[in-house]
Number of protein chains: 2
Amino acid sequence: MPNENKTSLENSRAQMRKGLLEYCILLVISRKKVYASDIIASLRTADLLVVEGTMYPLLSRLKNDGLLDYHWQESKSGPPRKYYELTSHGKAMLKQLDGTWEMLQSSINALRLARA
Amino acid sequence: MPNENKTSLENSRAQMRKGLLEYCILLVISRKKVYASDIIASLRTADLLVVEGTMYPLLSRLKNDGLLDYHWQESKSGPPRKYYELTSHGKAMLKQLDGTWEMLQSSINALRLARA
DNA sequence: CATACTACCTTTTAATGCAAGGTAGTGGGG
DNA sequence: CCCCACTACCTTGCATTAAAAGGTAGTATG
C-alpha cells in the first residue's frame with residue numbers, strides 16, 4: 001500500500017532544492033546588493049521556491065557565520081531595507097561551493113549514465 | 001567575528017549532498033539489485049558520503065512509500081541480505097526526479113553564468 | 001486617520017541525517 | 001566445541017533546520 005506517492009515526490013523535490021538553497025543565495029548576492037525580497041524573487045524566477053520564514057533566519061545565520069554583511073537603505077515606498085553583500089569570507093566560501101557543485105554534478109551525471 | 005568558517009563550509013557541503021541523497025539512492029538501485037552496503041559503497045565511489053545510520057532508515061522510508069521492494073537472499077559469507085529493487089512507482093518517481101535534477105542544473109548554472 | 005502594503009523578525013513544529021549502540025548469523029582458529 | 005571477528009541488519013537520541021503562522025512597525029493613499 002503506497003503511502004501517498006505525490007507527497008513523496010514533492011518531498012524529494014523539496015529536499016533537493018533545500019540543499020542547494022544556501023549556495024543559490026550566495027550566488028544571487030554575489031551579483032549585486034540585494035534585500036530579502038529581491039533574493040526570493042530571483043530564486044522564484046529560477047523555479048526555486050523560498051518563503052520569508054526560511055529566508056530571514058538563513059540570512060541571519062550566514063551573517064553570523066561572517067559570510068554576509070548588510071547596510072540599511074531607505075526605500076521610496078515602504079520601510080527601510082537591509083541590503084546584503086558578500087564579505088571576503090563569503091566570496092571565498094562561494095568559490096569553494098562552486099567546486100562542490102561541479103563535483104556533485106559530475107558524480108550524479110556519472111551515476112545517471114551508468115544506468116541500463 | 002566570523003563563526004568558524006570551516007564548519008560553515010562543511011555544513012553547506014553536507015547539505016548539498018543530503019538533498020540529493022534520495023535521488024542518488026534510487027539511481028543506484030535502478031541499475032541492479034543491491035543491498036545496503038552495496039549502495040553505500042557505490043555512493044562513496046561517487047564522493048557522496050553516507051553512513052549506515054542514514055541508509056537504513058531511509059531505505060525503510062522509501063519502502064513504506066512504495067518506491068522500493070526487497071527480498072532476502074543468503075550470502076556465502078555472513079548473514080542474509082536484503083536486496084532492493086525499484087517498484088513501478090519507484091521507476092516513475094525516478095523519472096520525475098530526473099526531470100527535477102535537469103531543471104535544477106540549468107537553473108543554477110544560469111545563476112552562475114549571470115555573475116559579474 | 002484608517003486601511004493597505006511592504007519589510008523585518010520570531011516562535012513553534014516536524015522532518016531527518018548522523019553518531020552511537022545493539023542484535024544476530026556465519027565461519028575460522030585454538 | 002567454543003570464542004572471536006566479521007558482516008549485516010536495526011534503533012535510540014540528539015542537533016539542525018525548513019516552513020507555517022503570527023507579530024511589529026514604517027510608509028503611503030484615499
Side-chain angles (χ1 to χ4, degrees), chain A residues 3-4 7-25 33-44 48-65 67-84 104, chain B residues 3-4 7-26 33-44 48-65 67-84:
Chain A
N3 210 356
E4 285 285 320
T7 303
S8 191
L9 174 61
E10 270 319 310
N11 192 357
S12 276
R13 282 192 164 140
Q15 274 185 298
M16 288 169 78
R17 269 188 269 114
K18 278 201 289 195
L20 297 166
L21 233 195
E22 211 171 293
Y23 176 47
C24 290
I25 288 174
K33 294 184 183 178
V34 283
Y35 72 108
S37 301
D38 283 338
I39 302 176
I40 293 174
S42 290
L43 296 183
R44 186 176 308 277
L48 295 156
L49 299 184
V50 206
V51 295
E52 286 194 329
T54 300
M55 188 56 79
Y56 286 105
L58 187 45
L59 288 173
S60 295
R61 211 188 75 218
L62 297 174
K63 167 77 166 59
N64 289 335
D65 288 348
L67 305 172
L68 301 182
D69 209 350
Y70 66 76
H71 61 97
W72 287 98
Q73 191 168 310
E74 300 199 347
S75 162
K76 283 169 187 162
S77 61
R81 301 165 176 175
K82 272 189 178 178
Y83 277 84
Y84 286 90
L104 267 178
Chain B
N3 209 356
E4 284 287 318
T7 303
S8 192
L9 174 61
E10 269 321 308
N11 192 356
S12 275
R13 282 193 164 139
Q15 274 186 296
M16 287 169 78
R17 268 188 270 115
K18 280 200 289 196
L20 297 166
L21 232 195
E22 211 170 295
Y23 176 47
C24 290
I25 288 174
L26 294 178
K33 295 184 183 179
V34 283
Y35 72 108
S37 301
D38 282 339
I39 303 176
I40 293 175
S42 289
L43 296 183
R44 189 177 307 277
L48 294 156
L49 298 185
V50 207
V51 295
E52 285 194 328
T54 301
M55 186 58 78
Y56 286 106
L58 186 45
L59 288 173
S60 295
R61 211 189 74 218
L62 296 174
K63 166 79 167 57
N64 289 335
D65 288 349
L67 304 172
L68 300 182
D69 209 350
Y70 66 77
H71 62 96
W72 287 98
Q73 191 168 311
E74 299 199 347
S75 162
K76 284 168 188 162
S77 62
R81 302 167 175 172
K82 274 188 177 178
Y83 276 84
Y84 287 91

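All values below come from the heavy atoms of this structure, side chains included, with hydrogens, waters and symmetry mates left out. In what follows, every chain begins at residue 1, and chains take the letters A, B, ... in the order their sequences are listed.
Residues A:Trp72 and A:Lys82 meet the side-chain proximity criterion, which asks for heavy atoms closer than 4.5 Å. Considering only heavy atoms from C-beta on, A:Ile39 comes within 4.5 Å of A:Leu59 through its side chain. B:Leu67 places a side-chain heavy atom less than 4.5 Å from the side chain of A:Ser8. Side-chain contact between A:Glu22 and A:Arg61: present, with at least one pair of heavy atoms (C-beta onward) separated by less than 4.5 Å.
Contact annotation: side chain of B:Glu52 to base of C:dC18, donor-acceptor pair absent below 3.5 Å.
If you take CD of A:Glu10 and C1' of D:dA18, they are 15 Å apart, rounded to a whole angstrom. In this structure, A:Leu20 places its CG atom 14 Å from C1' of D:dA18, rounding to the nearest Å. Atom CD1 of A:Ile39 is separated from atom P of C:dC9 by 12 Å (rounded to the nearest Å). Put simply, CE on B:Met55 is 18 Å from P on D:dT7, counting in whole angstrom units. B:Asn11 has its CG atom 14 Å from the P atom of C:dG17, to the nearest Å. Regarding A:Met16, its CE atom lies at a distance of 14 Å from the P atom of C:dG17, rounded to whole Å. Remark: P of C:dC8 and CG of A:Asp38 are 9 Å apart, rounded to the nearest angstrom. Note: CD (A:Glu74) to C1' (D:dT27) measures 11 Å, nearest angstrom.
A sub-4.0 Å separation between OP1 or OP2 of C:dC8 and a side-chain N or O of A:Tyr35 is absent. For B:Tyr56, a side-chain nitrogen or oxygen approaches OP1 or OP2 of D:dC9 to under 4.0 Å. Contact check, B:Lys82 against D:dC10: a side-chain N or O comes under 4.0 Å of OP1 or OP2.
Backbone-only contact: B:Ser37 has heavy atoms under 4.0 Å from sugar-phosphate atoms and none from a base. Across all strands shown, B:Gln15 has heavy atoms under 4.0 Å from sugar-phosphate atoms exclusively, and none from any base. As judged by a 4.0 angstrom heavy-atom cut-off over every strand, B:Ala36 is placed among residues touching the sugar-phosphate backbone only.
Here the side chain of A:Pro57 is nearest to one of C:dG17, C:dT10, C:dC9, namely C:dT10. Side chain of B:Val50, nearest nucleotide from D:dC9, C:dC18, D:dG26: C:dC18. For B:Arg81, counting side-chain heavy atoms from C-beta on, the closest listed nucleotide (C:dC9, D:dT7, D:dA20) is D:dT7. Nearest to the side chain of B:Val51, among D:dG26, C:dC18, C:dC9, sits C:dC18.
Ranked by how close their nearest DNA chain D nucleotide is to the 5' end, B:Gly53 and A:Arg61 are led by B:Gly53. Nearest-nucleotide positions on DNA chain C for A:Ser60 and A:Pro79 put A:Pro79 closer to the 5' end. Checking A:Thr54 against A:Gly78, the closest nucleotide of DNA chain C that is more toward the 5' end is the one next to A:Gly78.
When all heavy atoms of B:Leu21 and B:Thr54 are compared, the closest pair comes out as CD1-CG2, 3.8 Å.
In this structure, A:Tyr35 has its ring center under 6.0 Å from that of A:Tyr83.
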